[in-house]
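The chains referred to below are lettered A, B, ... by the order of the sequence lines, with proteins before strands, and numbering in each begins at 1. Excluded from the calculations below are hydrogen atoms, water molecules and symmetry mates; all remaining heavy atoms, backbone and side chain alike, are included. What you are looking at is a predicted structure, and each value in this text was computed from that prediction instead of being measured.
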Amino acid sequence: MNGLVKFMHKIKPTFSEGGKLSFLHSTFEAFESFLYVPGTVTAKGTHVKDAIDLKRVMIIVVLALVPSLLFGIWNTGYQHDLAFGLGWGFWQMVWYGFVKIIPLYLVSYIVGLGIEFISAQIRGHQVNEGYLVTGMLIPLIVPIDVPLWMLAIAVAFAVIIGKEIFGGTGMNIWNPALLCRAFLFFSYPSKMSGDTIWTGGLTRYLSDGTAYACGNGVVDGFSGATPLVHAGQGIQGLDSAGLSFMDLFIGNIGGAVGETSVIAILLGAILLIWTGVASWKIMLSSVIGALAIGFLANALATDATPYLQLPAWYHLVLGGFAFGTVFMATDPVTSAQTETGKWIYGFLVGALTVTVRLFNPGYMEGMMLAILLMNTFAPLIDHYVVEVSLKKKAKKVKIA
Amino acid sequence: MSNIIELKRGLDIPIAGAAVQKVKKVVNPDVVAVKPTDFRGLIPRLLVKEGDTVLAGSPVFADKLSPEILFTSPVSGTVCEIVRGEKRKLLEIRIKADKEQKYENFGTAKVNSLDEASIKEKLLESGLWPALVQRPYGIIAKPADRPKAIFISAFSTAPLAANPEFALKDEFENIQTGINALNKLTKGGVHVSFNRANYAGTPFHKFENIVSHIFGGKHPAGNVGVQISHISPIMKGDVVWTVSLMMVAAIGKLFNTGKYDMGRLVAVTGPAAADPSYVKGIAGMSMKDIAEYCRPDENVRFISGDVLTGTNVGADGFLGFYDNQVSLIKEGTDCEILGWAKPFRTKQFSASKAYFSWLTPGKKYEMDTNTHGEPRAFVLSNVYSKVLPMDIYPVYLLKACLAQDIDKMEQFGIYEVIEEDLALCEFVCPSKIAIQAILSDGINLMLKEMA
């Protein structure tokens, strides 16, 4: 390994100012700092520094996403197996899911990192590590059968419009991964909603008449609808689809790749909260917001409105709520920055999500839009929180 | 008995190399330097030329804007070199010390019989006036001002800082005289803050004519700026002064002995220091005088002050006017393969739980000067507030400084802070943002615009 460092030091002059390949210095620095912590010393300010850097922060978020990813890989195979009645064993399901998900990751990282590198190169900036997380998130929030070219366009849109035009990681207004999903949703609605997109292989079955690798037809009574759709008929809808609260909690159900298992998401949440990378205040207040609107709906419900009767806590395990709350709403760049603001922001994310679910039967998944909307308003929330706090302080000083 | 103010937020940096309480040697200074760069925003007017002989207390340069503020030589000897930097900026006046020290005689005086004007005059002519630092901005106090109050911190929580009870063990009388003198300069009283941990044990709590406060907590609880913000926050238009306990002792000595005596016990600390301990030194002493503390083959950084706020003076540099600590740490030029991805890095400290140093709370670390990452934009929003026990929004303040927006800087509390108060934020920052430099630029802009 020391040889590697020596080699990098040897070729460094080529990429430094005045070298033949100096125009590639951003790229070189990205690889250099990826391979090892460079021997850069402090120049001004504190002479010693904490060991933490953004790479470490990002790698922790990536780690927190691993349980969801692993579960998603298995669940993709499991759903495929259920739909086509294949009677597969565990490893067959995992292999199927693996084969389906790897291309999503390849597209996500190649397109996304490619754009990151190019734009860093153009601006002469350093390559930011923020995309490590975005690239990990994107495949987890899209339907498994999304066409790769669409994904590529959506990733490009998310990185360029969502991040680079604002100046890169730390400057963006909206969560890039959610922007990617929103782009897919609004540009290709037929591929992003409905009942036929959430199960791996179904798209191909519908067009070719055969499923990937087997050739079976779908089993009788297969609907492909996600639990959210069933939930539109209230608790009876879920019951008749054979979905219990535990099913939704464990996550062996249809949905976007990584969002189904609340258990896996909670594992990630524990890591994020323990390390302090994501704000527990946002997570908690989002849950409170969802429950508040959920209970309000329960109170207002009549027999004519079964969807309002759905017990409030079901909203926490349905659809993308848990995933969005833990991994998306807590994005430190696009969420509220002040501690009080985080409570308000999280509460509104949860409340808006459930509101959209209950009153917009056309599109049940409110999480994406709720978070993007609150991303937009986060600076406003912060502004008022800061104003109030400054006024309070001025008053306190006057009295004293 | 005064109120105890317990500060919950903060961080004691576990760096190895605390000085043991013994005086290892007495430095007989050969060449000392007086550095205009120790004072923020100062434009010096040189009063000596090479070859001039000076006494300890003879003026060397003056403040161009308020010429009554004099800066004097800590030793008697001959001006041997005047060092200038870019654009002929005056950096150092080096003075070769005599074998036998001779002092300018400012005359002893009973403080109680002196009035405000004569105390000020004495401080100005002796070169001790610069010991008084004004807040806001952390510049030398203006002689025409009458401050709202004067604040002194009787303890330091900075990493490896000199222990004031040891470093000032013989100065009790002088400090009391100094406090009496300072009391004449303000109506608001002299506020002294003590450490809760040793309030009863320190002899200093017996001082008279003070308003005492007790603070508990981790660094920066000992920073006078943090203390002021809890005692009486500085608003627009307020002027308060701060003095270090060591400087109060020097002021007291001036009145008690008539001498400008900059002698002090200096803590030589840090992981690169062999046998960290105290030396009897003087302001402006050369780092060469303590060269034996580190091996010559090692690449060591000599810092006048502590590792958070000190100045990198180099192995040939000189101790600063306000400093009684030298920190020696290794330059961290080694590369660490995949360091950021390793699950364990037992030799590195992190205040966050992203590493495992929270498992070994008592451990001291051999820190070096590596940055441990590259500079990035602001990303994490809750890291600074955990180490800043003040009622301000650091990120908003820094962004206002970057945007050079004076109104916003005022709003977000530029009057309350100087660099040392935000130094811990810079230490823990995962984005490696040069917070102290940004704040410094902000303060300089305020000085320019509000003058």
Side-chain angles (χ1 to χ4, degrees), chain A residues 1-2 4-5 8-9 29 32-60 126 128-130 167-171 274-277 279 281 332-333 335-339 342 382 386-387 389-390 393-394 396-398 400, chain B residues 13 15 232-233 235 301 303 307-310 312 327 329 331-341 345 348-355 357 367-374 376-383 385 391 393 395-396 411 419 423 426-432 434-437:
Chain A
M1 287 300 255
N2 268 330
L4 186 71
V5 175
M8 292 295 278
H9 280 304
E29 269 168 28
E32 186 191 22
S33 66
F34 186 85
L35 284 172
Y36 53 83
V37 178
T40 321
V41 295
T42 50
K44 45 186 176 181
T46 62
H47 298 273
V48 294
K49 284 193 190 272
D50 196 292
I52 195 169
D53 65 349
L54 275 195
K55 281 195 177 62
R56 184 72 176 188
V57 173
M58 297 301 174
I59 204 78
I60 281 175
Q126 292 192 330
N128 255 307
E129 37 282 287
T169 305
M171 315 286 190
W274 172 247
T275 52
V277 169
S279 165
K281 290 175 188 164
V333 175
S335 62
Q337 311 279 310
T338 53
E339 298 306 302
K342 282 174 186 166
D382 283 335
V386 169
E387 288 281 289
S389 132
L390 289 178
K393 192 175 166 188
K396 206 168 77 188
V397 169
K398 238 175 233 161
Chain B
I13 295 178
I15 182 170
S232 161
M235 300 308 280
R301 182 177 293 193
I303 300 162
V307 289
L308 289 180
T309 59
N312 178 6
S327 302
I329 52 174
E331 293 287 0
T333 47
D334 293 339
C335 304
E336 195 180 359
I337 299 242
L338 286 177
W340 57 276
R345 286 166 91 185
Q348 307 290 351
F349 169 75
S350 176
S352 76
K353 293 206 174 77
Y355 288 99
S357 44
M367 295 185 181
D368 59 29
T369 62
N370 195 291
T371 54
H372 304 301
E374 302 90 59
R376 292 288 184 264
F378 287 105
V379 171
L380 294 192
S381 55
N382 61 347
V383 286
S385 56
D391 188 16
Y393 290 97
V395 176
Y396 284 79
Q411 251 186 327
E419 291 85 340
E426 184 172 340
F427 173 81
V428 297
C429 179
S431 297
K432 311 294 174 189
I435 288 173
Q436 294 187 81

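- The CZ atom of A:Arg56 sits 8.0 Å away from atom OG of B:Ser352, with the distance rounded to the nearest 0.5 Å.
- Within the 4.5 angstrom heavy-atom criterion, atoms from both the backbone and the side chain of B:Leu308 approach chain A.
- B:Phe349 has its side chain out of reach of A:Val48: every pair of non-hydrogen atoms, C-beta onward, lies at least 4.5 Å apart.
- We find the CZ-CD distance between B:Phe378 and A:Gln337 to be 10.0 Å, quoted to the nearest 0.5 Å.
- Your options are A:Leu54, A:Leu390, A:Thr275, and the one with the most heavy-atom pairs under 4.5 Å with chain B is A:Leu54.
- With a 4.5 Å cut-off on side-chain heavy atoms, B:His372 and A:Lys55 do not count as touching.
- Rounding to the nearest 0.5 angstrom, the gap separating the CG atom in A:Asp50 from the CD atom in B:Glu426 is 12.0 Å.
- Between B:Thr371 atom OG1 and A:His47 atom NE2 the span is 14.0 Å, to the nearest 0.5 Å.
- In terms of heavy atoms, B:Gln436 sits closest to A:Thr46 at NE2-N, 3.2 Å.
- Only the side chain of A:Ile60 comes within contact range of chain B, with heavy atoms under 4.5 Å apart.
- Taking each heavy atom of A:Ile52 and B:Ser350 in turn, the nearest pair found is CB-OG, 3.9 Å.
- For chain A, the nearby part of B:Ala437 is the side chain; its heavy atoms alone come within less than 4.5 Å.
- Of the listed residues B:Gly332, B:Gly373, B:Ala377, B:Ala354, the one with more heavy-atom pairs under 4.5 angstrom with chain A than any other is B:Ala354.
- For B:Asp368, the part lying under 4.5 angstrom from a heavy atom of chain A is the backbone only.
- No other option in B:Ala423, B:Ser431, B:Gly310 has as many heavy-atom pairs under 4.5 Å with chain A as B:Gly310.
- For the atom pair CG of A:Asn128 and CZ of B:Arg376, the computed distance is 5.0 Å after rounding to the nearest 0.5 Å.
- The minimum heavy-atom distance between B:Arg345 and A:Ala51, with the atom names listed, is NH1-O, 3.8 Å.
- When all heavy atoms are compared, the tightest approach of A:Thr42 to B:Arg301 is O-NH2, 2.8 Å.
- For A:Ile59, the part lying near chain B is the side chain, with the backbone staying farther off; criterion is any non-hydrogen pair under 4.5 Å.
- In this structure, chain B has a heavy atom under 4.5 Å from the side chain of A:Val57, while its backbone stays farther away.
- Taking NZ from A:Lys281 and CG from B:Asn382, the interatomic distance works out to 7.5 Å, rounded to the nearest 0.5 Å.
- Closest approach of A:Val277 and B:Leu380 over heavy atoms only: O-CD2, 4.2 Å.
- Of the atoms belonging to B:Phe427, heavy atoms from both backbone and side chain fall under 4.5 Å from chain A.
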